[in-house]
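Every chain is numbered from 1 and lettered A, B, ... according to where its sequence line falls, protein lines coming before strand lines. Source: prediction; values computed, not measured.
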Amino acid sequence: MSIKENINKIDENIWEIPSSYKKQMKVPARLYLNEEGIENLEEGAIEQVTNVACLPGIQKFSLGLPDIHFGYGFPIGGVGAFNMNNGVVSPGGVGFDINCGVRMIRSNLSEDDLKPYITELTEKLFKNIPSGVGSKGKIKLLPKEIDEVLNKGAEWAVNNGYGWKEDLKFLEENGRIKNADSEVVSDKAKKRGIPQLGSLGSGNHFLEVQKVDEIYNEKAAKIFKLKKGTITIMVHSGSRGCGHQVCSDYLRKMDKAYKKYKLNIPDRQLACAPLDSEEAQDYLKAMYAAANYAWANRQMIVHWVRETFEDVLGKSAKDMGMTTVYDVAHNIAKEETHIVNKNGMKLNLLVHRKGATRAFGPGRSEVPEDYREIGQPVLIPGTMGTSSYVLHGTEIAMENTFGSTAHGAGRILSRSKAKKEFSADEIKENLLSKGIQVKANSDPVLAEEAPGAYKNVDQVVKTSDKLGIAKLVAKVTPLIVTKG
DNA sequence: ATGTTC
């Protein structure tokens, strides 16, 4: 019997795999996908979302979002929320690139304002924002400073001259998540992090200069201060080798911990520890430290973007209105209060979002005051050369997905398959014909990141919008792309 | 995603 025969349609774009599917399942799995998404869903991802449903202390549902695909242990595009009292934390539920995320900056510039400078701007952005595998930042961080970066995040960056204090107001966790502790980050992770701070990385990480192409919701756009035709900048990056090392270090520790605490898990890649254990607490502190590193990283990149615009256009970043729209983490686990039962009682949960974006609705204290009336901005990056989207969080997301939605396009071709299928030259030509400047360190990376290697992001956000787990606000299209 | 197989 095909696995898919166990998927029951609950409602338009909502599917459920009952907890009877696997003996160990504690809750059902829920998939938020359109028909096409269900048809194309890999069996491996179905196994993974149902495996997560077997973990101790999981609440309500193991969730798969519109961009769900196969990952390490947990699916990417997955959410698992665990009771703080009897639940677990699993590094596989956060991912290797801890606090991979997206930051968006707005401006008062138009496409015409940029036109005379487009080539120079492309070259200088590429030069000033280091990118590529193993790329190094252009600052020399002292070894003792890394602890401060890990503990203070974007606040460290602002205190050291990177960007503006008011930026912090518009970052998830204000760019500094509490309970981070560099003491439990290995020397190896610090050593990898020191030279890489202030670099973009590789793969699907990018820096884009975009224009606001379409507004779907005038009221929300006004609240987010996004105007049709204006230029925006998007940074998609994470915690580099530092976060990767933290994940590796703690996967090894968790592999021992789940045996020590006699946790019955269906897949070793779901290695985890009870939240009240020392192993879990140390991982959380280290993971938060890596998250802070990523917020500092994006803060520095934005600072150099502003400097580059100032250099090329000869105006100040303030005069160009280059303020922060928002910054979201899409690989993180956080303690949050949610209503789980019909009795309306609030519970403290550890919500793992892996390749999932927080989409908190109106009124939540975590949403910046300026946006609280409409809900938080949800930034969903597209693939190179395609559109990216701004949505807003909703009450429906709070009720159904622990305040979460998708995080991007989702890969459909493996890197190796994409390299065989596409050539860098044809991609560059294709983008240029659409008026998009692209500059990358490596041709293979361009082929790996070909738009054809990814699920259509338009479908992903459309499904989210239809479901109401984040509603469309604006579409932005790229003018300049730089990547690893 | 990643010093792309410590």
Side-chain angles (χ1 to χ4, degrees), chain A residues 45 48 67-78 90-103 130-137 141 146 185-207 235-253 255 269 286-287 290-291 293-295 297-298 301 328-333 352-357 380-384 406-420 440-450 453-455 483-484:
Chain A
Q48 289 186 324
D67 55 348
I68 184 173
H69 58 284
F70 186 79
Y72 180 95
F74 281 59
I76 298 159
S90 173
V94 172
F96 277 86
D97 192 3
I98 295 164
N99 191 4
C100 184
V102 183
R103 182 169 323 196
S131 65
V133 183
S135 54
K136 292 178 178 174
L141 201 65
I146 188 68
V185 174
S186 70
D187 288 341
K188 200 173 171 187
K190 291 178 190 173
K191 206 177 155 190
R192 286 179 73 175
I194 286 169
Q196 293 185 338
L197 188 65
S199 67
L200 202 53
S202 183
N204 66 358
H205 289 168
F206 65 71
L207 166 69
V235 175
H236 180 201
S237 184
S239 52
R240 311 288 289 102
C242 181
H244 193 273
Q245 191 61 48
V246 167
C247 182
S248 302
D249 290 341
Y250 279 90
L251 275 172
R252 207 174 316 122
K253 290 181 192 182
D255 196 55
Q269 290 187 354
M287 186 261 290
Y293 179 100
W295 275 309
N297 195 37
R298 292 196 285 274
I301 289 169
V328 298
H330 53 223
N331 277 0
I332 201 163
H352 295 67
R353 292 192 184 87
K354 181 187 193 178
T357 314
I380 301 193
T383 317
M384 173 174 58
H407 86 305
R411 194 170 263 288
I412 47 174
L413 285 186
S414 69
R415 288 173 188 279
S416 54
K417 276 188 188 154
K419 265 191 277 196
K420 276 184 200 150
N441 278 299
S442 117
D443 279 353
V445 167
L446 275 182
E448 285 174 10
E449 297 304 318
Y454 284 86
K455 200 183 268 189
K483 30 192 316 117

Heavy-atom side-chain contact between Trp295(A) and Ser239(A) under 4.5 Å: no
Ring pair (Phe, Tyr, Trp, His ring centres under 6.0 Å) against His205(A), all qualifying residues, sequence neighbours excluded: His236(A)
Sugar-phosphate, base or nothing in reach of Lys419(A), heavy atoms under 4.0 Å: nothing
Nearest-Å distance for atom pair CG/P, residues Asp249(A) and dC6(B): 14 Å
Under-4.0 Å side-chain N/O to phosphate OP1/OP2 contact, Arg415(A) with dT4(B): no
N/O donor-acceptor pair under 3.5 Å between Lys354(A) side chain and Pro75(A) backbone: no
Distance in angstrom units between Tyr72(A) OH and dT5(B) C1', rounded: 15 Å
Sugar-phosphate only, base, or nothing, as touched by Ser202(A) at under 4.0 Å among non-hydrogen atoms: sugar-phosphate
Length of the line joining Gln196(A):CD and dT2(B):P, which is rounded to integer Å: 8 Å
Whole-Å distance separating the CZ atom of Arg411(A) from the P atom of dT4(B): 17 Å
Sugar-phosphate only, base, or nothing, as touched by Gly238(A) at under 4.0 Å among non-hydrogen atoms: nothing
Sugar-phosphate only, base, or nothing, as touched by Glu448(A) at under 4.0 Å among non-hydrogen atoms: nothing
Any residue meeting side-chain contact (heavy atoms from CB on, under 4.5 Å) with Ser442(A), in chain and number order, not counting sequence neighbours: Pro444(A), Val445(A)
Nearest-Å distance for atom pair CZ/C1', residues Phe96(A) and dT5(B): 13 Å
Euclidean distance, atom CG of residue Asn441(A) to atom P of dT4(B) [Å, nearest integer]: 16 Å
d(CD, Gln245(A); P, dT2(B)) in whole Å: 13 Å
Nearest-angstrom distance from the residue atom CD of Glu449(A) to P of dT2(B): 10 Å
